[in-house]
Enquirer: 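Take this structure first; my questions come after.
Labels below follow one simple rule: chain letters A, B, ... track the order of the sequence lines, proteins then strands, and each chain is numbered from 1.
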Amino acid sequence: MGDALLTMRDVQAGYGGGLVLQGVDLELEPGSITCIVGPNGAGKSTVLRVISGLLTASAGSVRYDGQELVGRSPADILRAGIAQVPQSRALFPHMTVRDNILMGGYIIRRERELLRQRVSMVEELIPLLKDRSNDYAGNLSGGQRRMVEIGRALMLDPRLILMDEPSLGLDPKSVATVAELIREVTSTGRTVLLVEQNVRLGMNLARYGVVMEQGKVALTGDADGLADNPEVASMYLGRAKDQP
Amino acid sequence: MSLRREVREVQIVQVLAYGILLGGMYALLASGVTLIFGVLDVVNVAQGAFLVMSALFTWQVWSVTGIEPLLLIPVNAALLFVIGWIIYRGMVARVAPQGPSMTVLLMFGIALVIEGTLNLVFGNKFKSVTPEYFTWSVKIGDIVLPVPQLISGVLAIAILGLIYVFLRVSWAGRAVRATAQNREGAALVGISHKTASALAFGIGAATAGAGGVLLSIMYPVYPATQYDWIARLLGIIVLGGLGSIPGAVAGSLLLGVMEAFAVTYVPQWSTLFFYGTILAILVFRPQGLMGSVTREDVV
C-alpha cells in the first residue's frame, strides 16, 4: 500500500467502562474500498464511530491526510472530508427526502450555490432521490432509505466515506442496487471503508479486507486473498477453501 | 327556527370560538414543552414557573410604568430565551447524562426555586394586569368575545405560527428538528447537539415568556398558579404524543374547546372534563393523538 489516506495506530476506545477497541492498527489506501469483517462485538462499527468522531478514542492516533482526528468534533471531521453512512435509522423520518439530502449539506449551508450544485449532483447520481423528493423519509423502504443515507453523505463530496453494513436488512435486489451505487461512488476516486456482515458482498466490493476479532485487527490483505483464506472462508463465508 | 334554538346555536359557536382561543394559548405553551422534550428527552416541569415568572414580571412593569403590556411580549420572550439557554448550558447539559429522571428532578427543583423567589418578591397574592381593554368585549357577527381572550388567543396562534415557520424554514430550526428526530443522524451531518438543545430549550422557555404576558391580561396569577398550568401542559403533551408539536397543537385545541364547553354548561365539572378527556383518549390511543406513524418494519 502506498501513502495511506488514513492511518490508525494502537487505537483504544469503548463505551462506559469496557474497551471495545484494544489497540487497532489500520491503513486505508486512497481511492480504494476496504472492508472490515468479523464476528458481532469485534468492534467493527466502533472503528467507524471513532473515525467519524461520534466516539472519542481513549488512546492511540487516527491520522487523516496529515491531520490528527482524535478529539475533534464530528462537524470538524465532516469538514475534513469524511462522511459516515451509519448502520440504520440515521435519517430524519419526519422530513422529506429532499430535506434529508439538504441536511447533508448542513455545514456548507451558507454557500447556497454550492449547496444547489451538490443537490443536483446527488439527484443525478441517485435518481430515486428526485423521484421521491417530497416523500417523508420515514415512509421509505429499507433499500430506499439506504440510498437517501448514501446521497446525504455525498452532499459534502467527501474523500472518505464510512459505511456501516449497507446491506443490513435489505432484500437481494436492494442489496445489488446499493452495491452498484457503492461502486459508482468510488469510481470518482473516493475512498470507502466498509463494515459488512455479508462477507461475500463486502469482499466482492473491496480491494482490501480486514478481519477483526475481540477489538483488534487479526488479519489484513487483498480482499481476494482473504476470501481465499481457509480460516476466513470457513468462519465467514460458510465453506472451506476448496469447496465451491 | 325558534328563537330559543337560535340562541342556543349562537352560544355554541361562541363557546367554540372561545375554546379555540383558549386552545391557542395552550398550544403556544405546550409546544414549548414538547419541543424541549423532543430534542432533549427532558420534561420541562418548570414551564409553569417560567410562565408565572413572565406574567408577574409583566404585572410589575405594567404597574410601575403603565406601559401597554403586550409590548412586553418580545422583551419577555427574549429574556426567557436567555434564561432558558443559561439553564440548559449551566445545569441541564450537566445533569442530562444521568438520565431523564434526574432532569425531571432538576427542573422540578428549578420550578420550586422560581416559585419561592416569586413568593418573596411578589407575595402570595393574586396579581392582575388590567389595561383599558381588560373589560372590553367585541361582537363578531352574533357572537361576543372578551377582548383580552381574543387578543391572547390570536397572538398565541400567531407566535406559534412564527415558531413553526422558523422550525421549517431556517437552518437553525431544521437543526433543532433534525436533532429531535435522530440525534446521531444530526451529529453525522455536523449539527452540534449542545447548540441545538440549547436553542430548543431557549425557544421552549421563550414560549413561556411570550405566553406569560398573554396570561397576565387574561387571568389573575400568583406564584403557585404554576402547578395548575404545568399539570395542564403535561396532560396536553401526553395527549398530543410526546415530542410532537402538531400533536400538542391538536391536543391543545381539543382540550381548549372541551374546557370552554364544560365551563359554560357544567362549570363544577370543568376540571374533570379536561383530565377525563385526556384519560379517555389515551385508553384508546396510548401513543397520543399524533404519536409515531412512520414505518417500523424496515431497519
Side-chain angles (χ1 to χ4, degrees), chain A residues 48-49 52-55 73-80 82-96 99-110 112 115 135-146 148-149 152-153 155-156 162 164-165 167-171 174, chain B residues 31 34-35 37-39 93 97-99 164-197 199-200 240-250 287-299:
Chain A
L48 301 192
R49 291 172 66 83
S52 64
L54 288 177
L55 182 67
S73 70
D76 264 359
I77 291 169
L78 268 176
R79 280 188 200 96
I82 301 175
Q84 183 175 350
V85 181
Q87 200 169 69
S88 61
R89 296 183 187 275
L91 295 178
F92 309 121
H94 304 292
M95 287 189 188
T96 62
D99 278 350
N100 267 276
I101 296 297
L102 266 179
M103 290 310 290
Y106 180 76
I107 64 170
I108 55 166
R109 61 191 179 278
R110 291 188 182 90
R112 289 186 178 185
L115 200 61
D135 291 347
Y136 283 103
N139 293 333
L140 300 180
S141 70
Q144 290 165 340
R145 287 188 193 193
R146 209 69 83 239
V148 179
E149 285 162 358
R152 192 175 73 181
M155 279 294 289
L156 295 177
L162 313 170
D164 199 350
E165 304 210 25
S167 74
L168 185 73
L170 302 188
D171 61 80
S174 300
Chain B
S31 63
T34 213
L35 179 68
F37 181 82
V39 176
Q98 306 306 318
Y164 180 79
V165 171
F166 169 78
L167 290 174
R168 299 292 295 195
V169 173
S170 73
W171 279 101
R174 285 189 190 132
V176 168
R177 285 169 57 223
T179 306
Q181 291 177 33
N182 192 322
R183 192 174 296 182
E184 186 163 300
L188 285 172
V189 297
I191 296 167
S192 156
H193 177 246
K194 275 193 176 170
T195 306
S197 298
L199 187 58
L242 285 168
S244 163
I245 290 181
V249 172
Q287 75 272 37
L289 291 173
M290 295 194 187
S292 181
V293 289
T294 56
R295 287 180 68 167
E296 297 299 333
D297 59 324
V298 289
V299 289

Enquirer: Going by residue number, which parts of residues 187-194 of chain B are within reach of chain A, meaning a heavy-atom gap below 4.5 Å?
Expert: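 Only Ala187(B), Leu188(B), Val189(B), Gly190(B), Ile191(B) of residues 187-194 of chain B have a heavy atom under 4.5 Å from chain A.
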
Enquirer: If you count heavy atoms of other groups shown closer than 6.0 angstrom to OH of Tyr136(A), is the number above 12?
Expert: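 Result for OH/Tyr136(A): open.
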
Enquirer: By a 4.5 Å heavy-atom criterion (distance strictly below it), what part of Ile107(A) contacts chain B: side chain, backbone, both, or neither?
Expert: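 The answer is both parts of Ile107(A).
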
Enquirer: Going by residue number, which parts of residues 164-173 of chain B are within reach of chain A, meaning a heavy-atom gap below 4.5 Å?
Expert: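 Residues of residues 164-173 of chain B touching chain A at under 4.5 Å: Arg168(B), Trp171(B).
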
Enquirer: Relative to chain A, which segment of Ala180(B) carries a heavy atom at a distance below 4.5 Å: side chain, backbone, both, or neither?
Expert: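 Contact with chain A: none, neither part.
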
Enquirer: Hey, are the side chains of Met103(A) and Arg174(B) touching, using non-hydrogen atoms and a 4.5 Å cut-off?
Expert: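 Heavy-atom side-chain distance check passes, below 4.5 Å.
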
Enquirer: Rounded to the nearest 0.5 Å, what's the gap from CZ on Arg49(A) to CD on Glu184(B)? Could you check?
Expert: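 The distance works out to 4.0 Å.
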
Enquirer: Give the member of Ile77(A), Leu102(A), Asp76(A), Val85(A) that has the highest number of heavy-atom pairs under 4.5 Å with chain B.
Expert: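 The option with the most such pairs is Leu102(A).
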
Enquirer: What part of Arg79(A) is in contact with chain B, defined as an atom under 4.5 angstrom from a non-hydrogen atom: side chain, backbone, both or neither?
Expert: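 No part of Arg79(A) comes within 4.5 Å of chain B.
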
